[in-house]
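Residue numbers start from 1 in every chain, and the chains themselves are labelled A, B, ... in the order their sequence lines are given, proteins ahead of strands.
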2 protein chains.
Amino acid sequence: MSQGEGVDLETSLGYLLKEASSALRSAMEEVLRPLGMSVTHYSCLELLAQRPGLSSSELARGAFVTRQSMNTLLQSLERGGEVTRPARAPVGKVLPTRLTAHGRRRLAAASAAVRSVEVRMLAGLSEDEQADALRLLRSMTQALRGDGEAREQG
Amino acid sequence: MSQGEGVDLETSLGYLLKEASSALRSAMEEVLRPLGMSVTHYSCLELLAQRPGLSSSELARGAFVTRQSMNTLLQSLERGGEVTRPARAPVGKVLPTRLTAHGRRRLAAASAAVRSVEVRMLAGLSEDEQADALRLLRSMTQALRGDGEAREQG
DNA sequence: TGACTCATGTCAGGAGTCTGACATACGCTT
DNA sequence: AAGCGTATGTCAGACTCCTGACATGAGTCA
């Protein structure tokens, strides 16, 4: 510990990452609130728009929550008529989920709101810097996930 | 596998930021769990080590939780003998919090564990890239915070 | 074919965090 | 000096998300 005391939070990438993520989440909640939508709710819809037929578990991984939490959300979204799931699994236990027309409309509004936040976040960053940020973030995530093993990607 | 086209999540800085943050949090929880410590718990201790005498509200802002949540945590930390707060406020209502020797020992173990995670996260990034990441993250956070309008003051 | 492994959906219980509300203490303006 | 707005600490209730556990269905291999 003799050398570790001078951990300046302002130069800790971990802290800054958390700070940025927190700021992004707050900003998203702020613009989503008027629409009566949570960040997880929006994430779920966005995921479904891009990859129709995803299962609850796949949606959960994509939105970074547990499959139990996602399942609870999906049940309410089904009641609200934003998504549909077959009563019985076509194959296995997997219930493919799809957006309804209503869900798509809800997503459209939310997507525009979220996009404005992202635009604001990127303000002041050049194209090259944005590309750098993408690459850096990917590198960090991959390093955190893979336990010291180089994993090839498609 | 079934990658569509349209809006690609893989090129959304917001999504990647959330993904990286999620991976970091998971990694931290994993190494902190054996110590019986949560991420917020660790953050609180780390903050106190660097800025002794912080109030509950200041700690809350630094750890990105509400002051109510931080207060609940501080009460349990007080019971556990990791921090101390005066019974009455020296000035105003602010109760300056400080680490005890026990708290410092707890932090030392946690800090080492977290440091290993951060080292892993930074693996594969050059000094320059790390500096870039810091700068980029700061820029995004600042752009997100100034949501109202020009009312910024460091 | 049968055992084993893995993934999924779901139920139940609990820990952590948030919103809302209230009293108190400080600084600034009038 | 008094009023007003802001910030803090705290209590209470509600909610979200998580951990743990169970049964079911698919894929793999002997």
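Rounded to an integer number of Å, the gap from CZ of A:R33 to C1' of D:dT16 is 15 Å. Atom pair A:R61:CZ and D:dC17:P shows a separation of 18 Å (rounding to whole Å applied).
Evaluation of the salt bridge (charged side-chain N to carboxylate O under 4.0 Å, His left out) rule for A:E58 yields no partner, not counting sequence neighbours. Qualifying salt bridge (charged side-chain N to carboxylate O under 4.0 Å, His left out) partners for B:R67, counting only residues two or more places apart in sequence or in other chains: none. Qualifying side-chain contact (heavy atoms from CB on, under 4.5 Å) partners for A:S56, counting only residues two or more places apart in sequence or in other chains: A:M70, A:N71, A:L74, A:R85. Shown here are the side-chain contact (heavy atoms from CB on, under 4.5 Å) partners of B:P96, two or more places apart in sequence or in another chain: B:P86, B:P90. With sequence neighbours excluded, the residues that form a side-chain contact (heavy atoms from CB on, under 4.5 Å) with B:L122 are A:L13, B:E118, B:Q130.
Taking the screw axis at each terminus of the helix from C:dT1-D:dA30 to C:dT30-D:dA1 from five consecutive base pairs, the angle between the two is 30° to within rounding of 10 degrees.
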Can you tabulate the close N/O pairs, meaning under 3.5 Å, that link protein atoms to atoms of nucleotides 9-11 of chain D?
{"unit_1": "D:dG9", "atom_1": "OP1", "unit_2": "B:S56", "atom_2": "N", "d": "3.3"}
{"unit_1": "D:dG9", "atom_1": "OP1", "unit_2": "B:L95", "atom_2": "N", "d": "3.4"}
{"unit_1": "D:dG9", "atom_1": "OP2", "unit_2": "B:S57", "atom_2": "N", "d": "2.9"}
{"unit_1": "D:dG9", "atom_1": "OP2", "unit_2": "B:S57", "atom_2": "OG", "d": "2.7"}
{"unit_1": "D:dG9", "atom_1": "N7", "unit_2": "B:R67", "atom_2": "NE", "d": "3.1"}
{"unit_1": "D:dG9", "atom_1": "O6", "unit_2": "B:R67", "atom_2": "NH2", "d": "2.8"}
{"unit_1": "D:dT10", "atom_1": "OP2", "unit_2": "B:N71", "atom_2": "OD1", "d": "2.8"}
{"unit_1": "D:dT10", "atom_1": "OP2", "unit_2": "B:N71", "atom_2": "ND2", "d": "3.0"}
{"unit_1": "D:dT10", "atom_1": "OP2", "unit_2": "B:R85", "atom_2": "NH1", "d": "3.4"}

Show the distances under 3.5 angstrom between N or O atoms of the protein and N or O atoms of nucleotides 15-17 of chain C.
{"unit_1": "C:dT17", "atom_1": "OP1", "unit_2": "B:T40", "atom_2": "OG1", "d": "2.8"}

Side-chain donor-acceptor pairs under 3.5 Å in residues 20-35 of chain B, sequence neighbours left out?
{"unit_1": "B:S21", "atom_1": "OG", "unit_2": "A:S21", "atom_2": "OG", "d": "3.2"}
{"unit_1": "B:S26", "atom_1": "OG", "unit_2": "B:S22", "atom_2": "O", "d": "3.1"}

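Annotation: salt bridge (charged side-chain N to carboxylate O under 4.0 Å, His left out) contacts involving residues 135-144 of chain B, sequence neighbours excluded, comprise A:E129-B:R135, B:D132-B:R135. The list of ring pair (Phe, Tyr, Trp, His ring centres under 6.0 Å) pairs with a residue in residues 15-72 of chain A, not counting sequence neighbours, reads A:Y15-B:F64, A:F64-B:Y15. Residue pairs satisfying the ring pair (Phe, Tyr, Trp, His ring centres under 6.0 Å) criterion with at least one member in residues 93-133 of chain B, sequence neighbours excluded, are absent.
Between the side chains of B:S116 and B:R120, no donor-acceptor pair is found at a separation under 3.5 Å.
Mapping A:G92 and A:M70 onto DNA chain D by nearest heavy atom places A:M70 closer to the 5' end of the strand.
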